[in-house]
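We count residues from 1, following the sequence as given. Because only heavy atoms are used, hydrogens play no part in the values below, and waters and symmetry mates are left out as well, while side chains stay in.
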Amino acid sequence: YEGDRKRARGEKYARFAMTLLKEQIWKVFLEHMSDETTLERCLDEIKCGRLDPYSAVERIREKFEQFCSTRKEENGGGGNA
C-alpha cells in the first residue's frame with residue numbers, strides 16, 4: 001500500500017514537472033513570437049484558408065527552432081537555449 005502511494009505521488013510530481021516545463025516553454029515562445037509576425041501571419045492564413053494548421057505549426061516550429069539555435073550560439077553553445 002505504501003509503495004503504491006509513493007508511486008502515485010511520484011507520478012503526480014512528474015506530471016506537475018511537465019506542466020511547469022510546458023508553461024516555461026510557452027512563455028519563452030510567446031516572448032519571442034511577440035517580436036515576430038510569423039505567428040500572426042500564420043493564424044491569418046489559416047483563417048483565410050490559405051494554410052492548413054499542420055503546415056502553420058511546422059512553419060512556426062521551424063522559426064522557433066531558429067530562435068533557439070541563435071540563443072544557443074549566443075550563449076556559447078553550452079546547451080542553455
Could you walk me through whether F64 and F67 pass the ring pair (Phe, Tyr, Trp, His ring centres under 6.0 Å) test, one step at a time? CA-CA 5 Å; F64 190 63; F67 164 75; 5.8 Å; yes
Salt bridge between R61 and E65, side-chain N to carboxylate O under 4.0 Å?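 Salt bridge present between R61 and E65.
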If you measure from the Lys or Arg side-chain nitrogens to the Asp or Glu carboxylate oxygens, is any gap between R7 and D4 under 4.0 Å?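 Judged by the 4.0 Å cut-off on N to carboxylate O distance, R7 and D4 do form a salt bridge.
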Same apolar cluster (I L V M F W Y, side chains within < 4.5 Å links), [X]/[Y]:
X	Y	result
L39	W26	yes
V57	F29	no
L21	V28	no
M18	F16	no

Got a second to check how far [X]'s [atom1] is from [Y]'s [atom2], nearest 0.5 Å?
X	Y	atom1	atom2	value
E73	C68	CD	SG	11.5 Å
R59	E45	CZ	CD	4.5 Å
L20	R15	CG	CZ	13.0 Å
E58	D52	CD	CG	10.5 Å
C42	K47	SG	NZ	12.0 Å
E62	Q66	CD	CD	7.5 Å

Determine the minimum heavy-atom distance between P53 and I46, stating which atoms define it. CA-CD1, 4.0 Å
